[in-house]
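The structure appears below as structure tokens.
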Amino acid sequence: MSHMKFEAESNISTVTQFVLLGFASLPNLQGILSAVFSIIYMIILIGNCLIILITRLDPTLQKPMYFFLANFSTLEVCYVSVTVPRILFNIWTQDRNISVLTCAVQMCFFLMLGTDECFLLAVMSYDRYVAICNPLQYPLVMNSRKCTQLAAGSWLSGIPIQIGQTCWIFSMHFCSSNQIDHFFCDIPPILKLACGDTSVHELSVYLIVMVVAALPFMLVLTSYSKIIATILRLPTAKGRAKAFSTCSSHLLVVVLFYGSGTITYLRPKSMHSPGTDKLLSLFYTIVTPMFNPLIYSLRNKEVIAALRKLKLQK
């Protein structure tokens, strides 16, 4: 019995580094992928930095809605900077090795910022709910102190949860292969490399996703169900159109982000495949952040007006 136990333990090799395969299966498209990811990254950085800039400089945008939008844009810049530079580095150098510590740090920051985004989207929906459903109480409820507290809570909420989850996942033994068939260190592909039964870890992932993603998503849906009911009771078509215009952009972002992310993390391990995981991950790591500045600017008349004023000043 002791001999069998020793033999089983000897088969578990201590992995010191992983190999991020990324898009190695597309050798002829490395140049195109490099150009595409570089352009997308620049769009995300420029678009979000412009939003941050105009919300700070334009007096007409000194409102809670744009305060949260500036926080959201800052969060998006940090969020994509965890993954995209590493993707570009792997493509440019073809060096796909990543140490276990670096992999753990990348996963931890990615999960923390993703959690922060979930809570901040819920806060933004609450802001719209108060503005539309209780407009007279809006200045009192969403005062400067309350906005700061809500934003700070959103930024800090993911830190203890995701540090704990990352430490627990990387306390596992990894065996047989050190190749991560993904373009960044994410939970599903890491769990595939773990030795033995990972059902407890999978259960913990489901529970955490329910808290940090499903719960905020339910709050968003509740807020918007009440918002839509209020909008439909507005007496004028112009008022309804303005309210829908303000909220539809936020709702579109919410559906794209929560939808792709929830499908990825709530699927059983047996249903994960590298191709599907990469496709879904592209949506919530790159595609959604790329569209966010466009959605929030092109569908918002106040932001468009502020951009025009900034352009005229130059």
Side-chain angles (χ1 to χ4, degrees), residues 40-81 113-135 138-139 141-158 216-217 219-221 223-224 227 231 242-258 261 284-311:
I40 289 174
Y41 190 45
M42 291 305 297
I43 290 172
I44 293 170
L45 292 182
I46 293 169
N48 283 294
C49 287
L50 272 175
I51 289 176
I52 295 166
L53 183 64
I54 61 171
T55 53
R56 288 290 182 89
L57 298 179
D58 197 297
T60 63
L61 301 184
Q62 304 307 306
K63 303 174 184 177
M65 174 181 174
Y66 298 108
F67 169 75
F68 292 125
L69 181 56
N71 274 270
F72 186 70
S73 293
T74 306
L75 183 56
E76 287 284 73
V77 169
C78 298
Y79 180 70
V80 296
S81 296
L113 293 168
T115 300
D116 296 343
E117 191 159 329
C118 288
F119 284 110
L120 190 55
L121 285 169
V123 168
M124 292 169 74
S125 69
Y126 173 72
D127 171 69
R128 292 298 82 209
Y129 160 72
V130 178
I132 294 173
C133 299
N134 298 290
Y138 184 66
V141 175
M142 301 304 292
N143 56 60
S144 178
R145 183 180 177 184
K146 182 71 170 289
C147 290
T148 303
Q149 289 174 343
L150 288 171
S154 298
W155 276 94
L156 299 173
S157 58
F217 185 51
L219 293 173
V220 170
L221 291 180
S223 296
Y224 275 99
I227 287 170
I231 289 173
K242 183 179 179 182
F244 269 121
S245 176
T246 304
C247 298
S248 58
S249 57
H250 180 240
L251 195 56
L252 181 59
V253 170
V254 165
V255 170
L256 285 171
F257 180 75
Y258 281 111
Y284 62 83
T285 58
I286 297 172
V287 175
T288 305
M290 179 183 68
F291 283 119
N292 284 347
L294 301 175
I295 290 170
Y296 280 114
S297 59
L298 296 178
R299 295 182 61 85
N300 190 303
K301 292 179 181 178
E302 289 181 316
V303 173
I304 292 172
L307 286 169
R308 284 174 180 166
K309 280 194 285 184
L310 185 65
K311 186 177 179 181

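Counting begins at 1 with the first residue of the sequence.
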Kindly compute the distance separating [atom1] ([X]) from [atom2] ([Y]), expressed to the nearest 0.5 Å.
X    : Y    : atom1 : atom2 : result
E117 : T288 : CD    : OG1   : 8.0 Å
L53  : I46  : CG    : CD1   : 13.0 Å
I231 : I132 : CD1   : CD1   : 4.5 Å
I51  : T74  : CD1   : OG1   : 10.0 Å
L69  : N292 : CG    : CG    : 9.0 Å
I52  : N71  : CD1   : CG    : 9.0 Å

Please tell me if the side chains of [X] and [Y] come closer than 4.5 Å, counting only heavy atoms from C-beta onward.
X    : Y    : value
Y258 : P216 : yes
F67  : D127 : no
V141 : N134 : no
F68  : L150 : yes
I44  : I40  : yes
Y79  : F72  : no
Y126 : L219 : no
V77  : L45  : yes

task: Of all the heavy-atom pairs spanning A122 and S125, show the shortest one and how long it is.
output: O-OG, 2.6 Å
Over all atoms of both residues, closest heavy-atom pair of P289 and P293: O-CD, 3.1 Å
message: Donor-acceptor pair, distance only, cut-off 3.5 Å: does the side chain of Q62 make one with the backbone of T55?
response: yes
message: Suppose the criterion is salt bridge (Lys or Arg N to Asp or Glu O under 4.0 Å): which pairs have a residue in residues 58-71, not counting sequence neighbours?
response: D58-K309, K63-E302
query: Does a sphere of radius 6.0 Å around OH in Y66 hold more than 12 heavy atoms from other residues, nucleotides or ligands, not counting ones at 6.0 Å or beyond?
result: yes
query: Mind checking what makes side chain to side chain donor-acceptor pair (under 3.5 Å) contact with Y41, not counting sequence neighbours?
result: S81
query: Which residues satisfy the side chain to side chain donor-acceptor pair (under 3.5 Å) test with D116, sequence neighbours excluded?
result: none
- prompt: Quick one: do the E76 and N48 side chains pair a donor with an acceptor below 3.5 Å?
  reply: no
